[in-house]
There are 2 protein chains.
Amino acid sequence: MKEGKPATIKEIAKRLKISPSTVSRALKDHPSIGLVTTMRVKKVAAELNYEPNQTAIFFKQRKTFTIGVVLPSLSEPFFSAAISEIENVANDRNYTVIMGQSLDDPGRELRILQTLKTHRVDGVLISIGKNTQEYGFIEQLESAGIPVVFFDCVPDLDGINKVVSDLEPGMLEAIDIFVSCGHHAISLINGPEMLPASIERKRSYIKGLNKCRIPLQDEYIVSTDLTTEGNDAAILKLLALPDRPSAVISFNDYVALDVMKTARQKGLSLNQDIHFISYANYPLWKYVENPPMASIEQFPGDQGKRAAEILFELIDDPQKRKEPIQAVLKSQLIAQG
Amino acid sequence: MKEGKPATIKEIAKRLKISPSTVSRALKDHPSIGLVTTMRVKKVAAELNYEPNQTAIFFKQRKTFTIGVVLPSLSEPFFSAAISEIENVANDRNYTVIMGQSLDDPGRELRILQTLKTHRVDGVLISIGKNTQEYGFIEQLESAGIPVVFFDCVPDLDGINKVVSDLEPGMLEAIDIFVSCGHHAISLINGPEMLPASIERKRSYIKGLNKCRIPLQDEYIVSTDLTTEGNDAAILKLLALPDRPSAVISFNDYVALDVMKTARQKGLSLNQDIHFISYANYPLWKYVENPPMASIEQFPGDQGKRAAEILFELIDDPQKRKEPIQAVLKSQLIAQG
DNA sequence: CTGTTAGCGCCTTCAT
DNA sequence: ATGAAGGCGCTAACAG
């Protein structure tokens, strides 16, 4: 059984004293090959434990049945959820998935994309890192015939394929529910100001307040650099306000975890003195003693799945690459517990 | 710039009116090629935006610079951590990583392995699913020249390459610390009895008790099927005991999360009436109000890293494939902040 | 130093 | 219904 080299079509042909082309055709049930011949070929193929050499096929067909996925981090739960769904979609279509993590390093990101290109993947799915500024790679890949679909963290560019989460619906719902619970001092702990994700949250927040006819108070919007220290500084700033907010919407779960802990340490009773809602990315609230009232869910799995589906459309039908495809998935408020 | 087909060595050769082999050699700085020629070749290559066709190279060299990784789940934090390190090791060596998740389905696992084989990956890293019984694929892959390294969840077989965590040190430490805190009623909430992971925990637990001269009480060992219901049933059984344990070691963090919640609901004060330590796989304790006293860490990242390193040794030096390589990483008790 | 030749494994016209 | 021939892009053995 222990064959050093796997069997090839040639060997099968030799054994049967027929030509390689016949074997090739028989193996794929070509109609013009006699039934008997086909059977004999398949029998020998089985005996020899023949397996087509995909690398040869890839080479010849200029197709690898592989897609590349580039993410900031592979261990982040948000992305894990996306990966998992992407793998499912790919697996269903008999594609394999090559992964790379940029770790928010533009250089590393570029290197990975380069590798994917030389590996001749059939398409690329990417959520860009925080620090990425250069998008030349899009042109590079597209002109090499490799379609690219962005998701979640996407460049602010037109003419690209992308799947994003619309942060607004969740924000509006969050403010609605706070208001209907009697809150009027609702604040926002936002991320770094220049981040698109922060800009959208702020815009939605203001819109939500307007909708509920709550006057905007500038000091209710604070920013954090997303470090634990930054998060703590942000909440402390809010708690020091003469008109301390009774409701807080935070940039994401990590921020919420930190600020809730700090608020608790400051003697506030969670879900009583102060209430929280955050954008979700860390699925652990069900285990926590005093979870936030609700989470604004961005459905990373769905985003990944949708992005993968779009990518496969593009792979299957080059025609569709002419017009950019863009999908927006609505965020949604999910009550906790 | 938008070339339909990427440039090839041939074209460069034609432009320069030299032979393809010269171009090929020049491109890789072969010493026997004149400096001028080399320069000219590289210049044209750059102009034509030449990029080597890796699929052709893979085909020719019978090597893909790709490793396959098969895991039960890509979204599980434990595996995410492993993946992340594996990707790092691979990336450092300019290898790419193909991922597949078995979802604990032996059929799906096998299909993924089959795909990896036909993709001619240079090596495979695998943590098998709970239900895997058949290991024929090892022979299959090895005989196709593809080395396999198991890690974390490994089959109970000799002669395979594997990296595992030794569950005992952490367990002994856990019992030691409990005892030194004055506990003598220490119980174990174990996983399914036939699971190797459960068997090892139980063995270590008994050893730890012996070491501390604490008599073993059978009713202090309970099992759960790892569902929330099973977990609750297990803790309730313990709480109903006339001699209720004051310390509990649980199979993993998920079990701990459930049973701690239930214990709290039953009116017990965590870290006061009852204390917990669990095998770690979910990195969230720092955010929880009453975390367990400590966690037994299995260092998934280190396991993944080590496994990847071993795999690359095997890939680089086929000689080493003759003797199985096995590594054991000690588990360790980590106090919670 | 450089060119020629041959072939990796498979597929695909084009003949027969 | 089957064979023969050629080529995908690159490399390497063998000549000069």
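Computed from heavy atoms alone, side chains included, the values below leave out hydrogens, waters and symmetry copies. Order of the sequence lines fixes the chain letters, A, B, ..., with proteins taken first and strands second; residue numbering starts at 1 for each chain.
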Numerically ordered, the residues 23-38 of chain A set in heavy-atom contact under 4.0 Å with DNA chain C is S24(A), R25(A), K28(A)
State whether E11(B) and R15(B) are salt-bridged, where the test is any N-O pair (Lys NZ or Arg NE/NH1/NH2 against Asp/Glu carboxylate O) under 4.0 Å. no
Which residues within residues 14-21 of chain B lie with some heavy atom under 4.0 Å of an atom in DNA chain C? I18(B), S19(B), S21(B)
Please enumerate all residues that pass salt bridge (charged side-chain N to carboxylate O under 4.0 Å, His left out) together with D105(B), with sequence neighbours excluded. none
Does S102(A) have any side chain to side chain donor-acceptor pair (under 3.5 Å) partners at least two apart in sequence or in another chain, and if so, which? none
When rounded to whole Å, the CD1 to P distance for the pair I9(A) and dT2(D) reads 16 Å
Whole Å only: how far is the NZ atom of K60(B) from the C1' atom of dC8(C)? 6 Å
Do any side-chain nitrogens or oxygens of T22(A) fall under 4.0 Å of OP1 or OP2 in dG3(D)? yes
Identify whether the distance between the nearest side-chain nitrogen and carboxylate oxygen of R93(A) and D122(A) falls below 4.0 Å. no
With sequence neighbours left out, which residue pairs that include part of residues 29-40 of chain A fulfil the salt bridge (charged side-chain N to carboxylate O under 4.0 Å, His left out) condition? D29(A)-K42(A)
In whole Å, what is the span from the CZ atom of R40(A) to the C1' atom of dT2(D)? 13 Å
Residues in salt bridge (charged side-chain N to carboxylate O under 4.0 Å, His left out) with K60(A), at least two apart? none
Test: salt bridge (charged side-chain N to carboxylate O under 4.0 Å, His left out). Region: residues 78-90 of chain A. Which pairs qualify, not counting sequence neighbours? E87(A)-R108(B)
Only pairs under 3.5 Å count here: list side-chain donor-acceptor contacts from residues 299-312 of chain A, not counting sequence neighbours, and write none if there are none.
unit_1: Q303(A); atom_1: OE1; unit_2: D152(A); atom_2: N; d: 3.2
unit_1: Q303(A); atom_1: NE2; unit_2: Q298(A); atom_2: O; d: 3.1

Suppose we screen for salt bridge (charged side-chain N to carboxylate O under 4.0 Å, His left out). Which residues come up paired with K10(B), at least two apart in sequence or across chains? none
Distance in angstrom units between K10(A) NZ and dG6(D) C1', rounded: 13 Å
Could you tell me how far apart F58(A) (CZ) and dG9(D) (P) are, to the nearest whole angstrom? 17 Å
What is the distance from CD1 of I57(A) to C1' of dT12(C), rounded to the nearest Å? 14 Å
Can you tell me if F59(A) is stacked onto the base of dC8(D), using a 5.5 Å centroid cut-off and an angle below 30°? yes
Contacts of type side chain to side chain donor-acceptor pair (under 3.5 Å), residue S24(B), not counting sequence neighbours: none
Excluding sequence neighbours, so at least two apart, what forms side chain to side chain donor-acceptor pair (under 3.5 Å) with Q326(B)? none
Round to a whole Å and report the spacing from CZ of R120(A) to P of dC8(D). 14 Å
Starting from C1' on dG9(D), measure out to CD on Q61(A) and report it in whole angstrom. 15 Å
Terminal helix-axis angle for the helix from dC1(C)-dG16(D) to dT16(C)-dA1(D), with five pairs defining each axis and rounding to 10 degrees: 50°
